[in-house]
Amino acid sequence: MAAFMWRACGTPQQWARLVGCASVRSIPVRSLRTNGRRLHAASTNLAVKIRPLYVLLGTGGGYAGYKQYENYKDSRLEKLGIEVPPKLAQTWEVAIYKSVPTRLLSRAWGRLNQVELPTWLRKPVYQLYIWTFGVNMKEAAVEDLHQYRNLSEFFRRKLKPQARPVCDSHSVISPSDGKILHFGRVKNCEVEQVKGVTYSLESFLGPQTWTENQLHKTSFQDQLVTQEGNELYHCVIYLAPGDYHCFHSPTDWNVYHRRHFPGSLMSVNPGVARWIKELFCYNERVVLTGGWKHGFFSLTAVGATNVGSIQIYFDRGLQTNSPRYSKGSYNDLSYVTNNNQDGIVMRKGDQLGEFNLGSTIVLIFEAPKDFNFNLKPGQKIHFGEAVGSL
């Protein structure tokens with residue numbers, strides 16, 4: 001049978017290229033005679049060479065799919081009001097997940113998004129996405145689906161001005177649409193990405209280098225607090241694929257510094273956030289730090305699978321999801337110069353940046369002890385709605 005297939009498809013080398021994941025060497029053919037007819041039988045000694053890359057991709061992709069299914073079951077239980085305790089991944093499980101080339105896939109997805117769709121194909125493609133992720137196109141500045149030339153334009157659609165009124169009575173508003181994963185005070189230099197699963201504050205933000213007068217303090221958390229009697233607070237907002245993908249300034253503040261961490265692009269949906277400890281520290285992210293009327297303030301845009309593109313409107317030099325990067329590296333940029341001591345001045349509600357698809361925003365800021373959050377865990381929130389105030 002093998003000999004017949006080779007004769008039909010070509011040489012052994014061509015057959016090896018056809019099957020892709022194995023190298024096949026020539027097989028000796030034995031001749032037999034029976035009733036005057038010559039028969040050929042191929043040896044069963046087939047040499048197979050497995051290609052590790054294909055096995056790794058198949059294993060990693062299959063395992064990631066299995067975990068996504070597990071996360072889906074957990075989310076169904078949560079919707080029924082049943083609390084699901086976090087099941088943290090083992091080191092080997094994280095290694096398998098990280099073996100999936102999510103950065104490459106995200107770049108490929110980004111290029112696909114730039115392909116201009118034929119006019120006749122735009123409406124059915126976008127309607128399928130709208131139906132799948134529950135997009136409200138009545139809020140879009142452009143409701144006509146035929147006007148979006150490609151998926152990228154559709155993902156980054158703008159909203160009507162009246163669709164997101166900005167709350168004036170609270171000092172901190174939501175910078176984006178999304179779901180509240182967690183919020184509260186930062187304790188012991190640890191921040192909760194979801195209930196019961198934490199990550200290191202210092203690993204997430206990187207070394208404190210933007211305010212030299214605080215370096216004498218021993219605790220990293222204390223180094224961020226600039227005013228006596230204040231506390232450090234945090235808020236995590238998850239942007240689903242169907243959400244509005246732009247993010248805005250959550251308060252009146254000055255942005256002094258940008259730190260870009262290249263990294264993995266694992267999924268950041270709530271199920272994965274419950275599974276992988278320090279997930280946000282693994283992923284690519286852009287950390288903006290500065291100050292507001294109560295001291296330290298930061299906003300971090302965290303990348304995710306298919307969300308390698310993070311854009312900051314006032315920082316055209318920022319390049320995310322580059323093909324090559326050094327593991328554990330980061331690069332800094334100061335917006336403060338000799339001629340501009342104020343950095344980038346942002347007002348509450350100002351446009352700040354955008355994702356190519358859903359992702360996560362993390363706010364970490366200093367405020368007095370009587371700061372109160374106007375939130376509930378797991379609630380849906382829109383840009384402009386109240387996060388908290390004094």
Side-chain angles (χ1 to χ4, degrees), residues 53 56-75 84 86-110 112-113 133 155 176 178-179 181-182 190-201 203-206 236-243 245 259-287 300-310 320-330 355-362:
L53 177 61
L56 197 61
L57 293 180
T59 304
Y63 191 78
Y66 166 74
K67 292 307 300 182
Q68 290 286 5
Y69 174 68
E70 290 289 311
N71 295 333
Y72 168 75
K73 291 196 300 183
D74 290 346
S75 66
V84 180
K87 304 172 185 177
L88 293 181
Q90 302 296 320
T91 303
W92 64 269
E93 291 179 303
V94 177
I96 290 178
Y97 190 7
K98 292 176 71 174
S99 72
V100 180
T102 51
R103 293 179 65 85
L104 177 62
L105 293 173
S106 297
R107 285 195 298 273
W109 175 251
L112 178 63
N113 289 346
F133 296 108
F155 294 149
S176 66
K179 177 182 179 181
L181 293 189
H182 209 272
E190 293 281 327
V191 185
E192 287 193 297
Q193 57 194 33
V194 294
K195 185 177 180 180
V197 182
T198 63
Y199 57 93
S200 163
L201 180 64
S203 297
F204 182 68
L205 296 179
V236 183
I237 305 170
Y238 167 68
L239 288 73
D243 287 328
H245 295 126
R259 175 168 287 163
H260 172 219
F261 290 86
S264 301
L265 288 174
M266 294 184 283
S267 172
V268 293
N269 73 52
V272 178
R274 275 196 303 268
W275 181 50
I276 298 181
K277 183 180 174 65
E278 299 209 339
L279 171 65
F280 298 157
C281 298
Y282 289 126
N283 273 14
E284 182 160 15
R285 58 199 181 277
V286 177
V287 181
T300 301
V302 183
T305 307
N306 295 333
V307 197
S309 174
I310 303 173
T320 58
N321 196 14
S322 299
R324 296 181 180 179
Y325 72 97
S326 299
K327 185 177 179 180
S329 65
Y330 60 85
F355 294 109
N356 195 41
L357 203 61
S359 195
T360 298
I361 295 286
V362 179

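What you see is a predicted model; the values in this text were computed from it and never measured.
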**Fill in**
To the nearest 0.5 Å, atom CD1 of I276 lies from atom OH of Y282 at 7.5 Å

**Asked** Between C281 and S200, what is the shortest heavy-atom contact and its length?
**Response** SG-O, 3.9 Å

**Message:** Please report the interatomic distance CD(Q193) to CG(L181), rounded to the nearest 0.5 Å.
**Reply:** 9.0 Å

**Message:** Keeping E284 on the side-chain end and G303 on the backbone end, is there a donor-acceptor pair under 3.5 Å?
**Reply:** no

**Message:** Less than 4.5 Å apart, side chain to side chain, heavy atoms only: is that true for V236 and F280?
**Reply:** yes

**Message:** Please give me the minimum heavy-atom distance between S176 and I361, naming the atom from each residue.
**Reply:** OG-CG1, 4.1 Å

**Item:** Distance-minimising heavy-atom pair for A240 and H245
**Value:** O-NE2, 4.0 Å

**Message:** Main chain of V197, side chain of R274: is a donor-acceptor contact present, judged purely on distance under 3.5 Å?
**Reply:** no

**Item:** Distance, nearest 0.5 Å, that separates CZ of F204 from OG1 of T300
**Value:** 4.0 Å

**Asked** Which residues pass the side chain to side chain donor-acceptor pair (under 3.5 Å) test with D243, sequence neighbours left out?
**Response** K380

**Request:** Sequence neighbours left out, what passes ring pair (Phe, Tyr, Trp, His ring centres under 6.0 Å) with H260? Give chain and number order.
**Result:** none

**Prompt:** Which residues satisfy the side-chain contact (heavy atoms from CB on, under 4.5 Å) test with T198, sequence neighbours excluded?
**Reply:** E190, E192, K277

**Prompt:** How many angstroms lie between OH in Y97 and OG in S267, if you round to the nearest 0.5 Å?
**Reply:** 4.5 Å

**Fill in**
Looking only at heavy atoms, the pair that brings T360 and F355 closest together is O-CZ, 3.6 Å

**Message:** With a 4.5 Å cut-off on side-chain heavy atoms, are Y238 and V268 touching?
**Reply:** yes

**Message:** Show the nearest heavy-atom pair for residues I310 and R285, with the distance to one decimal.
**Reply:** CD1-CA, 4.5 Å

**Asked** Looking at E93 and Q90, what are the two nearest heavy atoms and their distance?
**Response** OE1-N, 2.7 Å

